[in-house]
Amino acid sequence: MHVYQNAIEMIGRTPMLRLHRLDTGPCELFLKLESMNPGGSIKDRIGLSMIEEAEARGDLKPGSTIVEATAGNTGLGLALVAAQKGYRLILVLPDKMSQEKIFNLRALGAEVVLTRSDVGKGHPEYYQDLGAAIAKRENAYFINQFANPDNPKAHERTTAPEIWEQMEQRLDAVVIGVGSSGTIAGLAAFFKKHAPQVELVLADPQGSILAEFIATGKMTQKASWLVEGIGEDFIPSIADFSMTRRAYSISDGESFSVARELLQKEGVLAGSSTGTLLAAALRFCREQKSPKRVVTLACDTGARYLSKLYNDFWMEDQGFIQREQYGDLRDLIGRPHGQRATITVGPNDVLTTAHNRLRNAGFSQLPVMDNDRLIGVVTEDDILRFAFGHPERFNEPVHKAMTSTFLRVDKTQTLNNLVAMLEVRSSAAVMDGEKFLGLVTRSDVLNYLRRQVK
């Protein structure tokens, strides 16, 4: 087995997996595992290409600063290469990106600037415009993946030839998404020369303008979507759709569902954009009348989305998983106690335990349970009041700091009354007689109201 000398050498040459347990109609469907690049995504390829080509031109010199606007994975690819080569890296990310990506970037040494995801191109806080402004201010090299020809060059030189070789030159279609458009442009450049019969199929998040542009040639108004890394509100200058005749618009819900199905049936933990690509590929395959050999990509690892699409509670909060509805306050409980979803603490646990559970879960209050009986609630405020000035009290039992006069409401109480009570209390314990059903917080009410929006 080959021994690599550094992580950069491990970029590319990713494996190809034939899918067997999904319904692919008459077709064979293959998944190229770009998630197995050292940085965990296909963007490692362009991170390496854009930096090394800039070095070759003299645009980057030792000690240079690099700036880029990214949905996360390009930033991770750049951070991997920049760290190995000793460059300072500043990355501008829209604020909808997963926390896992942000933590990963900072751990690699990148400086992360978060900006708004609800504004369009031309706004000073739009991530690409802000990135360009920071690069000018810092006298730094702005990578600009959306207009950088070294982006598609990476895929023309590496991704496409690997696919062609792995498929033994028997290939009918490749299903891909568009973020910066480097992948689709690079594959188009390669297959025009070597296999012009190969069809490139676009997988696009619902809300992006690209699927409609492929279908009609017209630009439409974008909406919002939750899938990360693909979909656009403009046509990047490096885009090449000349080999793309078909496009599928895939909803967030379908993308997330298919990504989870991929994990359950094929054992591949992949990200949200992979769900979009795979959903489109499955539609394409099932529509065919004759067998075809089709490739799509596992764009990145699902380990970056454990707090989102692989988190049942996040999926419920977003309305993608539907629980049984009761028509009472049980429908508002974010973490039902009967499903063992409530994080609790015991009265004799030490306050350090309570604080750790609050911090790890991102909550501000915990029910205190004595066996199956709710006897109190302990909040951050309770711990602060009890332990401030006396840090040794973190070793005291929870019952010394908890609040026993917490708000209780019967499950049949009206939503109006609950909201009025939450104006003065941060949470309420929903009860069925003496049986504790779960806590409802202001955040739970907001999530419930948001799910009512069609």
Side-chain angles (χ1 to χ4, degrees), residues 6-14 32-57 59-60 64 66-85 87 89-94 97 101 104-105 108 110 127-128 131-132 135 140-163 174 176-191 200 228-232 235-240 271 273-274 277 296-301 304:
N6 57 60
I8 292 176
E9 288 185 3
M10 297 167 62
I11 295 172
R13 298 171 295 279
T14 55
K32 186 161 175 60
L33 300 178
E34 289 297 293
S35 54
M36 296 188 70
N37 278 301
S41 88
I42 192 171
K43 300 295 190 174
D44 287 6
R45 296 178 186 266
I46 69 171
L48 180 61
S49 173
M50 292 188 297
I51 286 179
E52 290 197 336
E53 292 294 325
E55 289 175 329
R57 289 190 301 270
D59 293 337
L60 279 176
S64 291
I66 300 170
V67 176
E68 180 57 336
T70 172
N73 283 327
T74 298
L76 286 159
L78 289 169
L80 175 72
V81 178
Q84 294 293 305
K85 291 177 174 284
Y87 296 114
L89 178 64
I90 303 172
L91 297 170
V92 181
L93 275 73
M97 297 304 117
K101 283 183 183 175
N104 196 339
L105 287 167
L108 276 166
Y127 73 120
Q128 292 171 45
Y141 179 64
F142 186 42
I143 287 279
N144 194 11
Q145 61 181 307
F146 298 90
N148 191 329
D150 302 327
N151 176 350
K153 191 180 294 183
H155 299 296
E156 182 182 2
R157 290 177 174 176
T158 69
T159 315
E162 288 174 28
I163 292 172
V174 184
I176 41 186
V178 166
S180 65
S181 78
T183 309
I184 204 165
L187 266 61
F190 176 87
F191 286 116
L200 300 185
E228 298 181 28
I230 58 172
E232 275 304 343
I235 308 296
S237 62
I238 58 172
D240 181 357
S273 61
T274 301
L277 270 60
T296 192
L297 308 172
C299 310
D300 69 348
T301 172
R304 292 180 182 143

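Taking the side-chain contact (heavy atoms from CB on, under 4.5 Å) definition, one finds that Ser35 meets it with Leu33, Ala298, Thr301, sequence neighbours left out. A search for side-chain contact (heavy atoms from CB on, under 4.5 Å) contacts involving Asp150 returns Ser49, Met50, Glu53, Arg57, Asn148, Lys153, not counting sequence neighbours.
The shortest distance between side-chain heavy atoms of Cys299 and Asn73 does not fall below 4.5 Å. Looking at Ile42 and His155, their side chains come closer than 4.5 Å, going by heavy atoms from C-beta outward. Using a 4.5 Å heavy-atom cutoff, the side chains of Leu105 and Thr70 are not in contact. Between Lys43 and Leu76, the closest side-chain pair of non-hydrogen atoms is not below 4.5 Å. Looking only at side-chain heavy atoms (C-beta outward), Thr158 and Ile11 stay at 4.5 Å or farther from each other.
The backbone N or O of Glu68 sits nowhere less than 3.5 Å from a side-chain atom of Gln145 that would complete a donor-acceptor pair. A side-chain donor-acceptor contact under 3.5 Å links Asn6 to the backbone of Ile8.
The structure places CD of Glu156 at 9.5 Å from CG of Leu187, a figure rounded to the nearest 0.5 Å. One finds the CD1 atom of Ile184 at 8.0 Å from the CG atom of Asp240 (value rounded to the nearest 0.5 Å). To the nearest 0.5 Å, atom CD of residue Glu34 and atom CG of residue Asp44 are 8.5 Å apart. Atom CD in Glu232 sits 8.5 Å away from atom OG in Ser181 (nearest 0.5 Å). Taking CG of Asp59 as the reference point, atom OH of Tyr141 lies at 5.0 Å (rounded to 0.5 Å). Atom CG of residue Leu78 and atom CD1 of residue Ile143 lie 5.0 Å apart, to the nearest 0.5 angstrom.
The two atoms that bring Ser273 and Asp300 nearest to each other are OG-OD1, 4.3 Å, heavy atoms only. When all heavy atoms of Gln84 and Ala7 are compared, the closest pair comes out as OE1-N, 4.5 Å. Scanning both residues, Phe146 and Gly179, for their nearest heavy atoms gives CE2-O, 3.6 Å. Closest non-hydrogen pair, Gly75 versus Leu89, comes out as O-CD2, 4.1 Å. Considering all non-hydrogen atoms of both residues, Leu91 and Ala110 come closest at CD1-CB, 3.8 Å. The two residues Val92 and Tyr127 come nearest to each other via the heavy atoms CG1-O, 3.7 Å.
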Start with the C-alpha distance between Glu162 and Lys32, add both sets of side-chain angles, then the distance that settles side chain to side chain contact (heavy atoms under 4.5 Å, CB included), and finish with yes or no.
-> CA-CA 9 Å; Glu162 288 174 28; Lys32 186 161 175 60; 3.0 Å; yes
Can Leu277 and Ile230 be said to form a side chain to side chain contact (heavy atoms under 4.5 Å, CB included), step by step?
-> CA-CA 10 Å; Leu277 270 60; Ile230 58 172; 3.8 Å; yes
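At a threshold of 4.0 Å, the pair Lys85-Glu55 counts as salt-bridged, since one of the basic side-chain nitrogens sits closer than that to a carboxylate oxygen.
Every pair tested for salt bridge (Lys or Arg N to Asp or Glu O under 4.0 Å) that includes a residue from residues 72-83 fails, sequence neighbours excluded, so the list is empty.
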